[in-house]
Q: 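Just passing along the structure, written as structure tokens.
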Amino acid sequence: MTELALAQGRVGRDRLLRLLQEYGVYAGVAALLLFNFAFTDHFVSAENFRTQAVQVAPVLIVALGMALAIGTEGVDLSVGSVMALSTSLLSLYLGYGPWAAVLVAVAGGTLIGLANGTLVAHLGVQPIVATLALMVACRGLALVLLPQLKDVRDPGMTALGSGDVLGVPYLVLIAVGLALLVAFVVRRTTFGRQLLAIGDSRPAARLAGLPVRRVLIVVYACSGALAAVAGVLATARLTASDPTSLGTLMELSAITAVVVGGTPLSGGRVRIGGTVAGAVLIQLLTTTLVKHDLPPSWTQMAQAVVIVGAVYAARERGKR
Amino acid sequence: MTTETTEADMQPDAVRKVTDEDPGPSRADRFSALAQQHGALVTLLVAMVVASLSFDTFLTGDNLENMALSSAFLAVVALGMTFVIVTGGIDLSVGSLFALGGVVAAWGSQYGSAVALLLPLAVCGLIGLVNGLLIARSGLAPFIVTLAAMLGARGILLAITDEGSRTYLVDKDSFLATLGQGSLLGIGVPVWITVALFVLGAVVLRHTRFGQYVYAVGGNEDAAALMGAPVARTKIAVYAVSGLCAGLAGALNAAWLLSGVTILGTGMELEAIAAVVIGGTLLSGGFGFVSGSLVGVLLLKVIQNVINQIGSLDSAYQQVVSGAFLAVVVVAQTWLGRRRRVL
């Protein structure tokens with residue numbers, strides 16, 4: 001009788017942990033929203049929602065690429081620097097028209113991603129180190145190309161940064177579109193299935209004859225390209241290129257969004273819905289603390305606690 | 001890991017090794033082992049010779065002393081990082097802990113030099129200990145735990161300095177200031193402390209039971225556990241050591257600058273990891289030595305110095321070169337490591 005009760009208790013706890021892992025992030029978002037509805041002045045306004053959504057868009061786009069990398073049991077630390085590189089390239093090539101500049105910026109980010117992917121897939125370097133090396137190099141490159149902050153005075157870019165369709169900003173539309181695209185790729189395409197198989201077990205994927213190297217390279221290239229897009233959008237919103245500070249600690253926010261969203265660091269699963277909610281959760285957390293006059297240092301400490309809590313809840317027992 | 005072993009097993013060398021009567025390591029294998037162990041030192045010597053031939057200003061007492069002093073703080077951080085990396089882990093919180101240690105030391109210096117030295121050790125050691133506990137006891141990934149610690153420590157730092165707006169100064173006449181600014185036989189005290197710590201670190205890693213456990217845990221955790229090595233305790237200890245080293249380096253740096261500077265330490269974790277890796281320590285764990293890390297730090301500083309001396313080059317190039325260099329070294333290591341596995 002007692003043993004049965006104990007066993008039931010354990011099953012109950014396991015189920016609770018699993019539920020927390022699956023839906024905790026949505027519950028967190030809902031709780032923060034309710035809290036803000038009740039206790040934060042001027043929270044419920046179209047203007048505020050718009051601001052929040054616009055601020056979360058670049059983080060979300062970077063987090064999508066990060067989710068792919070983490071799904072293969074990797075990580076991409078270079079994303080923040082890639083954003084800086086893309087803003088530098090954008091400024092440099094704006095003379096040839098906004099489209100050409102955006103194209104060059106995204107191509108630059110994709111190239112960095114390809115370099116990451118080559119190091120990881122062909123040369124067998126651990127993802128943390130490979131992307132660390134390019135993180136350092138890429139920030140330097142961004143500063144070499146554009147040594148200081150520069151205003152972006154281009155009507156096309158301004159329109160991209162502040163324009164909207166029926167009240168929904170372009171930035172948000174692009175972010176949502178990319179999220180849907182990535183979710184579709186992960187769930188419905190062969191590439192997505194190969195990606196997950198590689199994250200699950202790379203030796204098994206190799207034995208099964210999957211093109212492991214090609215998939216890894218494409219994953220890191222996608223991460224680079226998405227980070228570059230985020231860099232372009234952030235530049236358009238700020239109407240300035242700032243290679244010194246754009247994207248610093250972005251890798252951290254992106255990893256947090258992905259992990260809080262329930263994608264395990266051990267690979268083999270990618271949850272795009274959770275990642276979106278994770279990005280929103282971090283944004284809401286920051287807003288809540290700021291709107292209640294708590295200093296930025298609190299935001300950092302809160303984010304640290306949330307990361308550890310989420311990873312702790314999501315850890316898989318038995319698999320290290 | 002597993003895949004690499006299978007690849008190595010499939011190479012003809014491995015087959016020959018098993019069937020033949022033990023021909024011993026081939027010349028190429030011995031070369032790759034040597035390259036892995038002493039490559040950084042040879043590169044450092046070559047870089048120094050080239051630099052002193054190219055610039056008259058390189059081999060001057062002032063320049064060398066400056067380089068030694070600015071290397072000292074990074075070297076202490078890299079020393080702790082070496083222990084962590086040999087266990088196969090990584091510590092991304094050292095940059096924040098370095099800054100936190102400096103500010104705490106400067107704040108504590110108003111209560112005397114003993115407080116100024118012990119407080120950062122206690123605070124940073126404790127954060128390192130918490131890192132280790134979370135990693136060893138809960139099985140969380142080292143990089144995510146220490147990433148969170150990096151945020152958390154930076155948050156604490158901002159909170160105790162009124163969001164970075166307040167600077168604490170160190171009294172010029174205190175013992176702490178002498179420790180940072182004094183010199184012995186013409187060489188700065190921080191350099192002596194660093195050398196002493198490296199000797200101590202080398203002895204601990206090479207000649208103590210704890211050092212053996214560190215290698216064992218990094219080599220193969222399960223085997224180490226079966227052997228009876230206290231895996232969890234070893235892991236907790238290395239993160240605590242890393243925290244202590246970062247805190248001490250921060251305190252020494254504050255003593256040198258006579259103030260606790262809040263913006264220091266960003267990106268320092270990358271420099272420390274780069275130095276350790278360049279020094280020949282394998283990121284996959286189980287193989288490494290502290291002297292290599294010291295050489296790695298010096299090499300990074302020489303590169304930095306050379307780039308500064310080429311006046312036309314922006315300091316941003318320094319990052320490009322360091323990053324590219326790190327990538328090259330890691331690729332070389334991976335390549336050499338594959339050969340060595342056949343041994």
Side-chain angles (χ1 to χ4, degrees), chain A residues 75 77-78 81 115 119 123-126 128-130 132-145 147 201-203 206-207 212 243-244 248-249 251-252 255-256 259 265-266 295-312 314-320, chain B residues 1-4 6-7 90 92 96 134 138-141 143-145 147-164 221 266-267 269-271 273-274 277 283-284 313-331 333-335 337-338:
Chain A
V75 74
L77 298 182
S78 68
S81 299
L119 284 172
L123 299 166
V125 179
Q126 283 159 305
I128 296 186
V129 193
L132 194 71
L134 276 150
M135 169 187 184
V136 179
C138 201
R139 174 75 61 181
L141 199 59
L143 287 167
V144 167
L145 292 174
S201 164
R202 206 186 295 187
R206 187 166 300 170
L207 287 175
V212 174
T244 321
T248 44
L249 292 185
E251 63 285 345
L252 208 64
I255 293 172
T256 314
V259 169
L265 280 171
S266 48
S297 56
W298 282 61
T299 316
Q300 296 201 352
M301 288 189 269
Q303 204 178 339
V305 171
V306 169
I307 297 179
V308 173
V311 184
Y312 190 82
R315 87 204 146 116
E316 288 176 57
R317 258 131 288 172
K319 186 171 180 181
R320 213 171 37 83
Chain B
M1 279 293 275
T2 359
T3 51
E4 277 167 23
T6 31
E7 267 175 20
I90 202 154
L92 300 180
S96 290
L134 283 168
S138 305
L140 304 184
F143 99 91
I144 203 95
V145 170
L147 209 62
M150 163 183 164
L151 267 186
R154 188 65 69 176
I156 297 173
L157 168 69
L158 290 176
I160 60 175
T161 55
D162 295 340
E163 303 305 308
E221 207 175 309
T266 43
E269 59 283 346
L270 311 180
E271 275 189 285
I273 294 168
V277 172
L283 268 159
S284 43
L313 282 183
D314 200 285
S315 69
Y317 280 97
Q318 197 178 300
Q319 290 179 314
V320 181
V321 175
S322 305
F325 191 65
L326 178 61
V328 169
V329 167
V330 175
V331 168
Q333 259 197 13
T334 314
W335 186 73
R338 277 210 187 127

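A note on names: the letters A, B, ... follow the listed sequences, proteins ahead of strands, and every chain is numbered from 1. This is a predicted model, so every value here is computed, not measured.
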Q: So B/Leu147 and A/Ile255, do their side chains get closer than 4.5 Å, heavy atoms only?
A: yes

Q: For the pair B/Val320 and A/Val144, evaluate side-chain contact (heavy atoms from CB on, under 4.5 Å) and give the outcome as yes or no after the intermediate values.
A: CA-CA 9 Å; B/Val320 181; A/Val144 167; 4.2 Å; yes

Q: Relative to chain B, which segment of A/Leu134 carries a heavy atom at a distance below 4.5 Å: side chain, backbone, both, or neither?
A: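 For A/Leu134, no heavy atom lies under 4.5 Å from chain B.
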
Q: For A/Met301 versus B/Ala159, what's the shortest heavy-atom pair and its separation?
A: CE-CB, 4.1 Å

Q: Can you tell me which portion of A/Val75 sits under 4.5 Å from chain B's heavy atoms? Options are side chain, backbone, both or neither.
A: side chain

Q: Partners of A/Gln303 by side-chain contact (heavy atoms from CB on, under 4.5 Å), sequence neighbours excluded?
A: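 Expected list: A/Ser253, A/Thr256, A/Ile282, B/Leu151.
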
Q: Identify which of A/Leu141, A/Thr299, A/Val129 forms the greatest number of heavy-atom pairs closer than 4.5 Å to chain B.
A: A/Val129

Q: Does A/Glu251 have any side-chain contact (heavy atoms from CB on, under 4.5 Å) partners at least two apart in sequence or in another chain, and if so, which?
A: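 Once residues adjacent in sequence are excluded, the partners of A/Glu251 under the side-chain contact (heavy atoms from CB on, under 4.5 Å) criterion are A/Met66, A/Leu77, A/Val79, A/Met135, A/Leu249.
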
Q: Determine the minimum heavy-atom distance between A/Ala304 and B/Ala148, stating which atoms define it.
A: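 Smallest interatomic distance, heavy atoms only, reads CB-O, 3.2 Å.
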
Q: For the interface with chain A, which of B/Ile156, B/Ile90, B/Val145 has the highest count of heavy-atom pairs at distances below 4.5 Å?
A: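 So the answer, after comparing B/Ile156, B/Ile90, B/Val145, is B/Ile156.
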
Q: Does any heavy atom of chain A fall under 4.5 Å from the side chain of B/Ala324, the backbone, both, or neither of them?
A: backbone

Q: With chain B, which of A/Ala133, A/Ala137, A/Ser297 has the greatest number of heavy-atom pairs at distances under 4.5 Å?
A: A/Ser297

